[in-house]
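Working notes, structure below.
Naming convention: chains lettered A, B, ... in sequence-line order (proteins, then strands); numbering from 1 in each chain. This one's a predicted model, so the numbers in the text were calculated from it and none came from an experiment.
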Number of protein chains: 2
Amino acid sequence: MGNIVRLNRAQRQFKSAACCAEATGHQSSMCDLLQLMGADVGDDPLATSVLVPIRILHAGDTLFHAGFAAAAIYFVRSGTFKIFQTADDGYEQVLGFAGRAEVLGFDALCMGQYPTAAVALEHASVFVVLVQDIFALAQRIPVFDRVLHLAVSRALTRRGDLADAMAAVAAEVRLARFLVQLSQRAAACGQSPCRFHLRMSRRDIASHLGVAHETVSRSFSALARWGLVRVDDREVEITDMVGIKSLTCSTRRPVDQPVAQGPRQTYVRHAVNKPMTHAVAG
Amino acid sequence: MGNIVRLNRAQRQFKSAACCAEATGHQSSMCDLLQLMGADVGDDPLATSVLVPIRILHAGDTLFHAGFAAAAIYFVRSGTFKIFQTADDGYEQVLGFAGRAEVLGFDALCMGQYPTAAVALEHASVFVVLVQDIFALAQRIPVFDRVLHLAVSRALTRRGDLADAMAAVAAEVRLARFLVQLSQRAAACGQSPCRFHLRMSRRDIASHLGVAHETVSRSFSALARWGLVRVDDREVEITDMVGIKSLTCSTRRPVDQPVAQGPRQTYVRHAVNKPMTHAVAG
DNA sequence: CGTGATCTTGAAGGGGGTCAACTGGAGTGG
DNA sequence: CCACTCCAGTTGACCCCCTTCAAGATCACG
């Protein structure tokens with residue numbers, strides 16, 4: 001795959017001065033953090049008095065490296081992040097993409113260092129909560145404890161989705177599942193579930209889905225040919241939501257008794273091609 | 001794959017009377033739970049006074065179903081569990097296997113229902129903490145809050161390992177990574193890192209690794225042929241720990257400048273076969 | 001305009017999915 | 001006790017899909 005550390009372009013592109021820019025961070029209050037996370041915090045004087053630093057990142061900036069000491073956890077205020085771990089040979093395995101109101105770096109708690117790295121894919125900002133403060137804050141501000149638990153629970157669910165996407169045999173199905181996930185996530189944020197701009201490169205998607213990046217390209221072309229999506233570089237529009245969702249159902253050898261209807265639609269791969277060409281023809 | 005719901009045999013095999021047997025559960029104290037999780041709890045009178053139910057399960061028993069309302073989270077006291085989600089067509093995607101001191105069902109918190117299911121692979125017992133009690137307990141017993149956060153952090157890391165195992169191109173590498181994970185996990189529990197009994201079927205492993213179960217069989221045979229492991233049904237012995245660990249390093253197209261040493265060892269698949277046959281010959 | 005990146009498409013080869021057949025063990029019922 | 005059934009596990013054969021290598025298009029930047 002060669003999903004190698006390639007920050008050069010992004011760094012040049014966005015002219016981020018410093019790689020690990022702690023720069024231009026200001027302060028906010030715990031109250032804002034709780035509101036971001038969807039908690040109902042009346043006017044808790046304690047929450048408003050506790051200050052929480054904010055860190056600003058440019059595209060390509062690294063929020064934290066894998067293997068570094070666990071200094072803090074982060075709550076995404078804006079922007080998108082790529083979560084990945086790097087193998088010995090430099091291969092990046094992308095575990096997921098995190099957006100607004102998601103927690104980052106929590107998996108470092110149990111081992112004292114980050115098992116994964118996080119890189120901003122666009123201009124972004126995060127709330128910073130130092131590891132050494134977490135438990136004290138959780139005790140002093142119960143609603144923060146609740147918010148944290150819920151956020152981590154969501155992060156856990158997200159990583160389950162990862163397996164979902166990688167489990168499909170056909171590459172087109174993997175991509176379809178990924179796009180549907182993005183769509184539903186966008187909808188949950190109040191954005192359009194049909195049109196969105198991909199923040200990540202084909203390489204990142206490929207690593208996330210466990211295929212070669214050329215295969216991602218081909219799968220995009222296939223989905224477009226079948227009339228399910230319209231693709232222009234990183235602009236994606238889902239033109240047939242029903243069709244793409246039905247495609248995502250193709251897993252492996254479905255059941256012991258396949259369907260016993262129609263012309264032996266046993267293979268998944270066939271199910272991938274057949275109905276789609278029909279859909280194009282129809 | 002046909003990784004279908006096949007509890008019949010297990011149920012018959014172990015003669016578990018009720019599928020969802022809440023049966024024969026007794027009570028224990030929060031103190032025991034905290035000690036299980038590795039916390040140092042002196043003689044906290046509060047912790048000893050809080051009672052925590054224990055649930056006993058037989059092999060094949062379901063701890064909780066996917067889609068059911070989130071009633072409780074569980075801490076594994078003994079035994080092994082299979083965590084999985086079931087697709088519409090009945091395909092089981094195995095997300096992982098959980099053992100002693102791991103938390104189960106936490107991902108249900110954020111959505112009110114379990115996104116995954118958990119089934120006991122052997123005789124097992126768990127501590128039961130009702131969802132409605134979690135936050136109150138976390139506030140009353142700070143150590144419990146800490147223990148919970150750490151356990152969830154570990155669960156998050158575990159799901160990262162899942163992607164690691166599924167990311168490899170070659171099936172033998174996936175299996176090797178899985179075995180190394182099991183080995184390291186066993187070592188962390190004070191058991192032998194070289195010999196262990198697999199609690200899960202080939203089908204479960206296949207689903208976990210994202211391959212067909214026939215491929216798992218073939219990969220076991222290949223690893224044995226290369227002298228890395230000895231396999232007898234579910235009894236596994238790692239006979240060449242260095243060799244199997246070096247095998248796990250094979251990812252995808254390593255780096256842009258391969259190694260430039262020796263005869264162009266660019267392909268992973270070659271690296272899989274070549275050195276191993278040498279190892280057998282040598 | 002050269003450089004280097006992303007993205008796309010083509011061609012070739014092989015690995016693994018799928019189906020099939022076989023073995024062996026466990027439970028069932030005669 | 002022994003046939004019978006069911007299932008886990010293994011191995012073989014076929015062939016499609018994906019990986020890999022390669023080349024071209026496009027864009028950004030100096």
Let me know the distance between [atom1] of [X] and [atom2] of [N], rounded to the nearest Å.
X      : N      : atom1 : atom2 : result
B:R174 : D:dC18 : CZ    : C1'   : 12 Å
A:I205 : C:dT8  : CD1   : C1'   : 14 Å
A:L175 : C:dC7  : CG    : C1'   : 14 Å
B:E92  : D:dA8  : CD    : P     : 11 Å
A:D233 : D:dA28 : CG    : C1'   : 13 Å
B:D204 : D:dG9  : CG    : C1'   : 13 Å
B:M200 : D:dG9  : CE    : P     : 11 Å
A:H213 : D:dC18 : NE2   : P     : 15 Å

Quick one: is [X] getting a side-chain N or O under 4.0 Å of the [N] phosphate, OP1 or OP2?
X      : N      : result
B:R234 : D:dG9  : yes
B:S201 : D:dA8  : no
B:S221 : D:dT11 : yes
B:R203 : D:dA8  : yes

Residues in side chain to side chain donor-acceptor pair (under 3.5 Å) contact with [X], at least two apart in sequence or another chain:
X      : value
A:S78  : A:S125
B:R195 : B:E237
A:R158 : A:E102
B:R177 : none

Looking at five pairs on each end of the helix from C:dC1-D:dG30 to C:dG30-D:dC1, what is the angle between the two axes, given to 10 degrees?
30°
Which of the following nucleotides, C:dT9, C:dG17, D:dT10, is nearest to the side chain of B:S217?
D:dT10
Using a distance-only criterion (donor-acceptor N/O pair, under 3.5 Å, no hydrogens), is the base of C:dC7 paired with the side chain of A:E214?
no
Determine whether any donor atom in the side chain of A:R218 lies under 3.5 Å from an acceptor atom in the base of C:dG10, or the reverse, and answer yes or no.
yes
When you measure from the centre of the six-membered ring of A:F220, is the NZ or CZ of A:R202 closer than 6.0 Å and no more than 45° off the axis?
yes
Sequence neighbours excluded, which residues qualify as side chain to side chain contact (heavy atoms under 4.5 Å, CB included) partners of B:A165?
B:Q181, B:L209
Just so I know, are the side chains of B:D61 and B:V119 near enough to count as touching, which here means a heavy-atom distance under 4.5 Å?
no
